[in-house]
Amino acid sequence: MKTLSIATMLTFVSLSIVPTFASDNGAFNSDGATIHGRSEFALVSALHDRGVTATGVEAWGDLILAWVPNGNGGSTMAFFDPDNLQQVNPNRG
């Protein structure tokens, strides 16, 4: 009986935690915001298709700023043209 009570309690706890993880989408806004006409999810997916493992994106003037893991536990900023998603130098003249 004690095993059944522990199993029931663990099931209840896990079911109460799952919705928290399911609704937490990390760096992505859930308010329907767009960046240069695209959703954050669509931009991250498109960058991923190009080999860029962005964890988040935001508008940076007329560019897209992507946060890319640097392999040392941190992230690096990378800038992309919103039309063709080519990486660009943000200090371009």
Side-chain angles (χ1 to χ4, degrees):
M1 189 68 171
K2 186 175 183 179
T3 304
L4 181 60
S5 297
I6 292 172
T8 303
M9 182 179 69
L10 289 175
T11 301
F12 176 75
V13 169
S14 66
L15 289 176
S16 65
I17 293 173
V18 169
T20 302
F21 290 122
S23 66
D24 181 19
N25 56 4
F28 305 115
N29 276 333
S30 59
D31 62 1
T34 59
I35 299 169
H36 297 289
R38 299 184 196 182
S39 73
E40 289 182 43
F41 180 79
L43 282 170
V44 169
S45 295
L47 288 170
H48 185 265
D49 290 345
R50 295 177 156 276
V52 178
T53 56
T55 58
V57 291
E58 59 186 78
W60 189 270
D62 62 342
L63 298 175
I64 295 168
L65 165 62
W67 296 98
V68 181
N70 63 14
N72 296 326
S75 294
T76 301
M77 295 186 300
F79 297 88
F80 297 87
D81 182 283
D83 297 323
N84 58 24
L85 296 182
Q86 293 293 317
Q87 191 166 357
V88 297
N89 180 348
N91 297 321
R92 67 193 197 287

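Using a 4.5 Å heavy-atom threshold, the side chains of Val57 and Phe80 count as separate. Side chains of Gln87 and Val68 form no contact here, defined as non-hydrogen atoms less than 4.5 Å apart.
Residues Ala66 and Leu47 come closest through the heavy atom pair CB-CD1, 4.0 Å. For the pair Asn89 and Asn91, the tightest heavy-atom approach, listed with the atom from each and the gap, is OD1-N, 2.9 Å. Smallest separation of non-hydrogen atoms from Asn70 and Ser75: ND2-N, 3.9 Å. Pro69 approaches Thr55 most closely through the heavy-atom pair CG-CG2, 3.7 Å.
Identified under the salt bridge (Lys or Arg N to Asp or Glu O under 4.0 Å) test for residues 64-75, with sequence neighbours left out: none.
Environment of NE2 in His48: sparse, with no more than 12 heavy atoms of neighbouring residues, nucleotides or ligands closer than 6.0 Å.
Residues Leu65 and Val88 share a hydrophobic cluster, clusters being chains of Ile/Leu/Val/Met/Phe/Trp/Tyr side chains in contact below 4.5 Å. Under a hydrophobic-cluster definition in which Ile, Leu, Val, Met, Phe, Trp and Tyr are linked whenever side-chain heavy atoms come within less than 4.5 Å, directly or via other members, Val52 and Ile35 are assigned to the same cluster.
Residue His36 holds its NE2 atom at 10.5 Å from CG of Leu85, rounded to the nearest 0.5 Å. To the nearest 0.5 angstrom, Asp62 atom CG is 9.5 Å from Asp83 atom CG.
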